[in-house]
Protein chains: 2
Amino acid sequence: MAAGDARSAIRLSPMEVPKASDVLANELRERILSGEYPEGTPLPPERELVTQTRMSRTTVREALRILEVQGLIRIKAGRAGGAFVQRPGEESVASSLELLIRGRQIRLASVHETREAIEPSCARLAAQHRTAGDLRRLEAANEEIAASADLDGFLRANVDWHVAVATASHNEILTGIMMALSRAIYTTTHNEGFVNDEVRDITVRAHRSVTRAIKERDADAAVRRMTRHVHSYAAAALEVDERTTVSVPEED
Amino acid sequence: MAAGDARSAIRLSPMEVPKASDVLANELRERILSGEYPEGTPLPPERELVTQTRMSRTTVREALRILEVQGLIRIKAGRAGGAFVQRPGEESVASSLELLIRGRQIRLASVHETREAIEPSCARLAAQHRTAGDLRRLEAANEEIAASADLDGFLRANVDWHVAVATASHNEILTGIMMALSRAIYTTTHNEGFVNDEVRDITVRAHRSVTRAIKERDADAAVRRMTRHVHSYAAAALEVDERTTVSVPEED
DNA sequence: CCTGGTCTAAAGGTCTGACCCAATTTACCA
DNA sequence: TGGTAAATTGGGTCAGACCTTTAGACCAGG
C-alpha cells in the first residue's frame, strides 16, 4: 500500500525543469572547466551572447552572475571590459568553507579537529616539496610574528605563517582549506583574549622549530612538531572557549 | 608636485563603488549568517524587496541569485514559493572544491595527499563519536560493496562507505571535504579500469576491519587501518595514473 | 465518493527597451 | 606634439510587461 496503491504500474521519478539561466551557466561552466579556454580569455559581450543564444539579457546576466560567484569568471566594467575566464582558486574554497563555519555556527572544536588533521600533513609535504622561496616566506612570517606588538598583529602574522606552511606543501586543496580554517580561527580567537605573553612565546618557539624541520627537509620531525603545536593550541583555545560559552552536549 | 599640486589639502584614497546587487546580497548574507532567521524562514517576495529597497527587480534578483549560488537561500517558484533561508551545507563546500579540482586540473596526487591527511582523522573521530545509526550506515555500505556486481556499482558503494565514515565523525567540515574528494576520485578512477577482482577483495576486507575498529570504539586501530588502506589505494591509483598520463615535473 | 477539470491568486522566470556610468580609443586642436 | 575632449564599447540599473509554475478552492461527473 505504501507505494503500490496506484492503479498503474508506471513509475516516474520527479523531474526537474532547469531554468534558462542555469542552462547557459552550465554550458559555459563545462566549457571553461574543460580547459578549452585559457585563463583570461574574454567571453563575448553580454549583448553578443544575447544574439547568439537568443536569450534575453537578463537571463544572460544571471548566468554570468552565477559563474562569477563560483569564481569561474571575473567581470570588469567599461570599454575593453567584459567577462574573462578565470580558473577557480583557493579563494573560492576558502569562502565557501567560511560560509559553512559561520552559518552553521560550527563548534569551534570541529575547526580545530580539522586543523589537527590537515596541518601535520601540510608540514610533511612542505618538508618534502618546499622551494627556496617558500622558505623565505616562512622565515619572513616568523620575523613578523616576533616583531608584532599588538594582539591583532600577532594573530595576523600567526595566520600568515600557517598559510605559508600550507603554500609550501604545493597542494592547492590543502592550501585552500587552511586559508579558510585560518580565517575562521582568526575571527573567533579575536574576541577571546587568551593570547598573553606566554602563549606568544611558546608559539614563536614552536613555529621556529617546525620551520627548521621544513628547512632541513626532515618530514618526520615536521609532522611531529606541527602535531604537537596544533594540538596544544587547540587544547588551550578550547579550554578558554569552554569557560566562555556553553558546551554542546554530545548525542549518542 | 607629485602629491601636492592640488588647491585643496583634502586627500582621499581610491574608493571602491560596490554594485547595488552586491550591497543587497551582503546585507542579506550578514543577516542570515548571524542566525537572525531560522532555517526555512521566507524572505519577502521579490516585488516586496523592490519596494522596500527601492532597487529594481533585476538588482534584487541578482542579489538573490548570488545568495542562492552560495547556498544561503533556496528559491522555489510558484505560489507559496519564494526565497527561503537555508544554512549552507556540506554540498556547497563539496561543489566549490570540485570546481577547484576540475578547473585547475589538479594533480591526482594532490587529491590523494589530501585524502591521506583527512581520512585517518575521520576514522579516529568516527570511532570516538559514532552513534548506532552511523554504524548501521557503515555496515549497509559494506554489504552493498560486497554485493555490487558491476564496476560502477562498486565505485559508488566505495564512495558511500568513505562518506559514511566521515559522517560518523560528526564533523561537518571534514564531511564536506570528504564528499568533494570522493566525487573527484570517483570521476577520475572511473575511466582508468584498474579495479579488478583482487583490488575489490582487498578493499572489502580493509573496509570491514576499519568498520570493526569504529564499532569497538578503538580509535588508534581505526586510524592505523584507515591510514594503511588509503595509502595503498593512493599508491595503486597513482601507479596506474603514471602509466596513463604524463607526470608533472616537480619544480625546485 | 473519488477523480479529474477549471479557475484564480501569488510568486518566480523571462523578455524588451531604454538609460546611466566607466574605461578606452580616437581625433582634434592649441 | 601633447594634452584634452568626444566617440565608442561595455557592464549596471531601471521600469514595465508578459509567461510559467504552483497551491488552493471549487465544481462536475461517473
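Per chain, numbering begins at 1; letters A, B, ... match sequence-line order.
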E172(B): partners by side-chain contact (heavy atoms from CB on, under 4.5 Å), with sequence neighbours left out | R104(A), I106(A), E90(B)

Is a side-chain donor-acceptor pair under 3.5 Å present for N142(B) with T211(B)?
-> yes

Can you check the L24(A) CG to dT14(C) C1' distance for me, whole Å?
-> 13 Å

Using a cut-off of 6.0 Å, state whether more than 12 heavy atoms not belonging to E36(A) lie near its atom CD.
-> yes

What pairs of residues pass the side chain to side chain donor-acceptor pair (under 3.5 Å) test when at least one of them lies in residues 72-84 of chain A, not counting sequence neighbours?
-> none

Where along nucleotides 9-14 of chain D does protein come under 4.0 Å, by heavy atom, of base (B) or sugar-phosphate alone (S), with - for untouched nucleotides?
-> BSBBBB

Would you call L72(B) and Q86(B) a side-chain contact if the rule is heavy atoms closer than 4.5 Å?
-> no

